[in-house]
Amino acid sequence: MSFSGPEAAAALWTAVAAAVAGAPGRAPVVLIDGPSGAGKSSLADFVVAGWPFDGEPRLVRMDDLYPGWGGLDAASDALGRELLAPLRVAGHGRWRRWDWAEDRPAEWHAVHGIRPLVVEGCGTLAGANAANADLRLWLDADDALRKRRALARDGLAFEAHWDQWQHEFEEYVEREHPRDNADLVLDVTEWPLSVRRSSPVEG
């Protein structure tokens with residue numbers, strides 16, 4: 001079911017509560033996917049800032065994993081293989097930052113313990129990744145608005161690669177059906193969401 005406006009915020013916090021309750025003794029994992037400019041980064045910041053339980057969430061952005069403009073699939077695979085699956089099985093995983101300025105792999109980042117983990121970006125809801133998450137979110141937004149948001153954020157650097165990225169994203173969607181892998185679909189055309197948490201997690 002898709003939610004928008006204040007209903008989206010209420011549904012979101014209710015789903016967060018259920019995810020935490022379903023991950024006793026381990027790190028709850030929240031994945032946020034959707035097309036470019038849909039609001040994934042903003043929603044991730046919203047979730048981290050308003051997290052209603054103990055343990056400040058760690059935030060990983062897929063923009064830091066993509067090995068260049070053609071790297072959606074490679075980053076999605078690395079996310080599952082090096083971070084999500086090991087974290088679920090052994091309680092620790094890692095991810096490697098891509099240095100966009102130098103166009104090469106950079107340092108590794110270790111993730112361990114039971115603090116919540118939020119990952120946002122295109123490619124997070126591939127089937128293998130979704131299987132190792134506790135809450136899977138997909139964002140919808142008006143197409144024209146998405147493009148304006150993305151280009152306003154990333155400027156000419158993204159505009160030159162928009163068609164290439166969109167083509168790779170569409171192939172990913174056709175292959176992995178990430179929207180169908182979501183527990184919750186939020187329409188974030190109207191932003192920001194209400195900052196009031198839903199009643200099941202207050203108090």
Side-chain angles (χ1 to χ4, degrees), residues 27-49 56-133 136-139 141 146-178 181:
V29 174
V30 179
L31 302 181
I32 304 173
D33 203 340
S36 293
K40 298 180 295 297
S41 296
S42 296
L43 184 68
D45 292 341
F46 179 77
V47 169
V48 170
E56 180 182 357
R58 296 161 288 195
L59 176 59
V60 174
R61 300 190 188 278
M62 291 293 285
D63 283 350
D64 291 327
L65 277 72
Y66 301 128
W69 289 106
L72 189 156
D73 290 340
S76 177
D77 176 71
L79 173 69
R81 178 169 36 84
E82 295 170 347
L83 176 55
L84 299 181
L87 185 65
R88 175 60 63 95
V89 173
H92 56 81
R94 62 180 187 166
W95 61 275
R96 193 171 194 181
R97 185 177 68 85
W98 181 261
D99 188 328
W100 284 81
E102 298 293 333
D103 195 31
R104 61 178 177 81
E107 75 281 354
W108 286 96
H109 293 259
V111 177
H112 54 82
I114 63 172
R115 282 176 53 201
L117 173 65
V118 176
V119 185
E120 65 87 6
C122 299
T124 58
L125 286 186
N129 298 342
N132 288 306
R136 295 151 283 262
L137 304 175
W138 176 269
L139 304 191
R146 288 195 304 101
K147 188 169 184 177
R148 289 198 303 272
R149 283 176 177 170
L151 297 184
R153 180 191 64 208
D154 296 324
L156 294 178
F158 195 3
E159 186 172 19
H161 297 279
W162 176 268
D163 291 339
Q164 174 191 356
W165 181 262
Q166 187 64 21
H167 177 70
E168 187 171 4
F169 180 75
E170 289 171 359
E171 288 186 336
Y172 157 72
V173 168
E174 184 175 354
R175 182 182 67 252
E176 298 289 343
H177 306 287
N181 295 336

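The first residue in the sequence is number 1, and the count goes up from there.
Between P116 and V30 there is no side-chain heavy-atom pair separated by less than 4.5 Å. The shortest distance between side-chain heavy atoms of R175 and D73 falls below 4.5 Å. Taking the side chain as every heavy atom from C-beta outward, D64 and W98 never approach each other to under 4.5 Å. Under the 4.5 Å side-chain criterion, counting only non-hydrogen atoms from C-beta, V111 is in contact with W95. In this structure, L31 and L84 have side chains that are in contact, with non-hydrogen atoms separated by less than 4.5 Å. Within the 4.5 Å cutoff, no side-chain heavy atoms of P67 are placed close to those of P105. At least one side-chain heavy atom of C122 sits under 4.5 Å from a side-chain heavy atom of K40. Annotation: side chain of V119 is not in contact with side chain of I32 (no heavy-atom distance under 4.5 Å).
Using a cutoff of 4.0 Å between basic side-chain nitrogens and carboxylate oxygens, R94 and E82 are not scored as salt-bridged. Comment: R61 engages D45 in a salt bridge, judged by a side-chain N to carboxylate O separation of less than 4.0 angstrom.
When all heavy atoms are compared, the tightest approach of G121 to D33 is O-OD1, 3.4 Å. What you find for L59 and E120 is that their closest heavy atoms are CD1-CG, 4.3 Å. Scanning both residues, L87 and G113, for their nearest heavy atoms gives CD1-O, 4.4 Å. In terms of heavy-atom proximity, A27 sits nearest to R58 at CB-NH2, 3.7 Å.
Counting only distance, with no hydrogens or angles, the side chain of N129 and the backbone of L79 share no donor-acceptor pair below 3.5 Å. For S42 (side chain) and G39 (main-chain N/O), no donor-acceptor pair under 3.5 Å exists by modelled atom type. Counting only distance, with no hydrogens or angles, the side chain of D99 and the backbone of A106 share no donor-acceptor pair below 3.5 Å. E168 contributes a side-chain N or O that, together with a main-chain N or O of L72, makes up a donor-acceptor pair within less than 3.5 Å.
Around the CD atom of E56, the shell of radius 6.0 Å holds no more than 12 heavy atoms that belong to other residues, nucleotides or ligands. Within a 6.0 Å sphere centred on CD of E174, heavy atoms belonging to other residues, nucleotides or ligands number 12 at most.
In this structure, N181 CG and T124 OG1 are separated by 9.5 Å, a value rounded to the nearest 0.5 Å. For the atom pair CG of L43 and CG of L137, the computed distance is 6.5 Å after rounding to the nearest 0.5 Å. Once rounded to the nearest 0.5 Å, the distance linking OG of S41 with CG of D63 reads 6.0 Å. Note that CG of L83 and NE2 of H92 are 12.0 Å apart. Values are rounded to the nearest 0.5 Å.
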Could you go through W165 and Y66, starting from their C-alpha distance and side-chain angles, then the distance that decides it, and tell me whether this counts as ring pair (Phe, Tyr, Trp, His ring centres under 6.0 Å)? CA-CA 11 Å; W165 181 262; Y66 301 128; 4.8 Å; yes

Q.
side chain to side chain contact (heavy atoms under 4.5 Å, CB included), that's the test. Do H109 and R97 meet it? Break it down for me.
A. CA-CA 8 Å; H109 293 259; R97 185 177 68 85; 4.2 Å; yes

Passes side chain to side chain contact (heavy atoms under 4.5 Å, CB included), N132 versus V29? Steps please. CA-CA 8 Å; N132 288 306; V29 174; over 6 Å; no

